[in-house]
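Report on the following structure.
Read the numbers this way: they start at 1 and go in the same order the structure lists the ligands and their atoms. What you see is a predicted model, and the numbers here were worked out from it, not measured in a lab.
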Amino acid sequence: MRQLVILGGGYGGTMIVHELFKGGIPADVRVVLVDRLPFQSLKTEYYALAAGTASDYELRVPYPHHEGLTMKYGEAASIDLDRRILYFADEAEEPLFYDQLVIALGCTDNYHNIPGAKEFSCSIQSFASVRESYMLLNNAKPYSKINIVGGGLSGVELAAELRESRPDLNIALIDRGARLLSAFPQKVSAYVTNWFHEHEVETRSHISITSLEQGVIHYEGGDIASDVTVWTAGIRPVELVQNLNVPKDRQGRVVINPYHQIPEYPEVFVCGDCASLPFAPSAQAAGSQGHQIAEVLTALWRGETPKLQPIKLRGTLGSLGKKAGFGLMGKTQVTGRVPRLLKSGVLWKSKHHWG
Ligand SMILES: Cc1cc2nc3c(=O)[nH]c(=O)nc-3n(C[C@H](O)[C@H](O)[C@H](O)COP(=O)(O)OP(=O)(O)OC[C@H]3O[C@@H](n4cnc5c(N)ncnc54)[C@H](O)[C@@H]3O)c2cc1C
């Protein structure tokens with residue numbers, strides 16, 4: 001029996017499972033999906049859980065059931081690429097041997113070596129850390145000072161959702177750049193900044209943070225008092241991938257060949273936020289790549305040469321609370337109610353994917 005281990009049941013990993021079983025897998029292949037959680041957690045909605053506008057339960061999607069699919073729940077700790085073994089953090093767990101492996105573990109915060117950033121801020125990058133952030137944000141006393149560091153998509157969505165959830169809080173969105181959403185066109189960024197001004201969320205640009213301590217953010221121009229600080233100022237692949245001794249790009253993502261394999265270890269595929277792709281990490285990119293990895297695996301099992309088309313992404317949508325949104329669909333900029341409705345549609349599809 002040959003064993004395919006899919007490490008990580010997020011947007012990339014579950015797409016691979018779904019596509020593989022749609023086409024049927026060879027009788028001598030066993031597929032094992034490994035995750036620390038017993039359900040898929042919808043990371044694109046973590047901002048809503050942190051803000052208190054969505055429940056934990058609403059963000060869970062059951063894993064698909066298939067004959068030939070084995071679920072394994074545990075915390076992956078390391079991989080021995082030469083011996084093809086996956087080790088778990090709990091040493092009582094038997095290591096898992098693989099013939100083929102997909103690494104789809106997603107990302108974690110990048111603190112850019114800023115002293116105190118990890119210790120004195122909270123995170124929205126893992127389900128467990130979002131639950132902790134939810135507690136801190138929702139237990140904050142009336143009129144507390146909340147600072148969200150990083151004005152990218154996740155910071156913007158969190159600040160807006162928190163404003164709707166807690167009108168009393170003093171919320172500031174801090175960025176070291178000149179404007180919010182630097183990856184989006186100026187017009188979208190201006191719309192979002194204006195929404196924040198209308199909804200009394202302070203936006204602060206050109207703030208270069210030097211360190212964090214309990215209750216205070218230090219930056220080059222002074223100090224900012226902070227009852228709760230949320231870090232949304234950068235991501236990098238999870239620690240297990242950081243520790244892999246293979247070529248990586250400047251963001252620490254694993255360099256892969258056109259079939260999404262590690263060139264020196266063609267039995268190992270890398271998917272989603274862990275993989276060096278020509279676009280920014282996103283659920284859509286992870287899903288599209290997962291689709292292709294399933295195609296490659298199927299072709300290899302049949303002894304065929306995989307034929308892949310270039311990945312084309314549809315665009316990015318962001319929310320500003322429950323009624324407004326923004327986005328970029330191809331080259332078209334969208335703001336207002338329509339992108340918010342579209343985003344709700346995307347979420348609905350994610351939740352009902354396997355139905
Ligand atoms: C607040 C927020 C909003 C976002 N909004 C959007 C959006 O609107 N559109 C968009 O396209 N993208 C968005 N993203 C980005 C998107 O969520 C990620 O790019 C996407 O989830 C990456 O998919 P993935 O399969 O690589 O990893 P993930 O979906 O993160 O899945 C990784 C899986 O690995 C598991 N795991 C991790 N480490 C271990 C371990 N050591 N052992 C066992 N299991 C482990 C996790 O439990 C998880 O199930 C957003 C992200 C955030 C934080």
Under 6.0 Å between the ring centres of Phe184 and Phe326? yes
Which atoms form the tightest heavy-atom contact between Ser133 and Ser123, and what is the distance? OG-O, 2.6 Å
Please determine whether a side-chain nitrogen of the Lys or Arg among Asp80 and Arg84 lies less than 4.0 Å from a carboxylate oxygen of the Asp or Glu. no
Per-ligand residue contacts, ligand 1, heavy-atom threshold under 4.0 Å: Gly8, Gly9, Gly10, Tyr11, Gly12, Asp35, Arg36, Leu37, Lys43, Thr44, Tyr47, Gly74, Glu75, Ala76, Ala104, Leu105, Gly106, Ile124, Gln125, Leu153, Ser154, Glu157, Gly272, Asp273, Pro281, Ser282, Ala283, Gln284, Ala286, Leu317, Lys343
Residues in salt bridge (charged side-chain N to carboxylate O under 4.0 Å, His left out) contact with Arg36, at least two apart in sequence or another chain: Glu75
Can you list everything that forms a salt bridge (charged side-chain N to carboxylate O under 4.0 Å, His left out) with Asp223? Sequence neighbours excluded, please. none
Partner set under salt bridge (charged side-chain N to carboxylate O under 4.0 Å, His left out) for Arg250, not counting sequence neighbours: none
